[in-house]
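Worksheet: the structure to be examined is printed underneath.
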Amino acid sequence: MIRFPTDLAFGTNGDTYVADSDNNQVVIRSGKSGLMSPRKEAKVDDGKTKGLAVPTQIDFHEGQLYVADTMRDRILVVDPETFAGISISVKRPLGLVVNRKTGDLTFT
C-alpha cells in the first residue's frame with residue numbers, strides 16, 4: 001500500500017513509478033498486469049545502506065530512473081527493472097529533474 005506519494009514518473013513500457021516517502025520505497029505499477037511491486041533497496045556500491053530513506057522525487061532519462069533518496073544524501077541513477085546503478089552524493093536532495101534534450105540533472 002502506498003502511504004505518502006510525493007512524485008510519480010512513467011516508464012517507456014507503460015509502467016508507473018511512485019515515490020512513496022513514508023514507506024521508504026518506490027512502487028512500480030505494471031502497465032500490463034496492474035500489479036504493484038515495491039522497491040525498498042537499490043543495488044549501488046557507495047558504502048551506504050542499500051535501503052531507500054525518504055525517496056521524494058523521481059524522473060526518467062534515456063531509460064534510467066533517477067531517485068532523490070533524501071535521507072541517504074544521494075541521488076540514485078538505476079535501471080528501472082533491476083534497481084542496480086550508481087549514486088551521486090548530494091546533501092538532502094528534495095527534488096530533481098532531468099533535461100530531456102541535454103541530459104543535465106538539476107536538483108534542490
Side chain proximity check, L105 to I88, heavy atoms < 4.5 angstrom: yes

Gap separating the CG atom of L76 from the CG atom of L65, nearest 0.5 angstrom: 8.5 Å

Short side-chain to backbone donor-acceptor contact, D7 and I58, under 3.5 Å: yes

Fellow cluster residues of L35, listed by chain then number, with links counted only when side-chain atoms sit under 4.5 Å apart: none

Salt bridge (charged side-chain N to carboxylate O under 4.0 Å, His left out) partners for D22, two or more places apart: R3

side-chain contact (heavy atoms from CB on, under 4.5 Å) against T49, all qualifying residues, sequence neighbours excluded: R72

Without placing hydrogens or testing angles, list every side-chain donor-acceptor pair under 3.5 Å for residues 23-31, not counting sequence neighbours.
from	atom 1	to	atom 2	distance (Å)
N23	ND2	M1	O	3.0
N23	ND2	D20	OD2	2.7
N24	OD1	V54	N	2.8
Q25	NE2	D20	OD2	3.0
S30	OG	K32	N	3.2
S30	OG	S33	N	3.1
S30	OG	S33	OG	3.3

Contacts of type salt bridge (charged side-chain N to carboxylate O under 4.0 Å, His left out), residue D15, not counting sequence neighbours: none

Nearest atoms (heavy-atom pairs only) where A19 meets P55: CB-O, 3.7 Å

Pair listing, ring pair (Phe, Tyr, Trp, His ring centres under 6.0 Å) test, anchored in residues 49-72, at least two apart: Y17-F60

Qualifying ring pair (Phe, Tyr, Trp, His ring centres under 6.0 Å) pairs with a residue from residues 32-53, counting only residues at least two apart or across chains: none

Separation of S21 OG from M71 CE (nearest 0.5 Å): 11.0 Å

Contacts of type side-chain contact (heavy atoms from CB on, under 4.5 Å), residue T102, not counting sequence neighbours: N99, D104

Salt bridge (Lys or Arg N to Asp or Glu O under 4.0 Å) contacts touching residues 40-66 (sequence neighbours left out): D46-R74, D59-R100

Remaining members of the apolar cluster that contains L94, side-chain heavy atoms under 4.5 Å: none

Co-membership, hydrophobic cluster, residues V18 and F10, 4.5 Å side-chain: yes

Listed once per pair and sorted, the ring pair (Phe, Tyr, Trp, His ring centres under 6.0 Å) pairs that draw on residues 80-108, sequence neighbours left out: none

Value rounded to 0.5 Å, distance of CZ in R92 from OG1 in T70: 8.5 Å

Residues in side-chain contact (heavy atoms from CB on, under 4.5 Å) contact with A68, at least two apart in sequence or another chain: T56, Q57, P93, L96

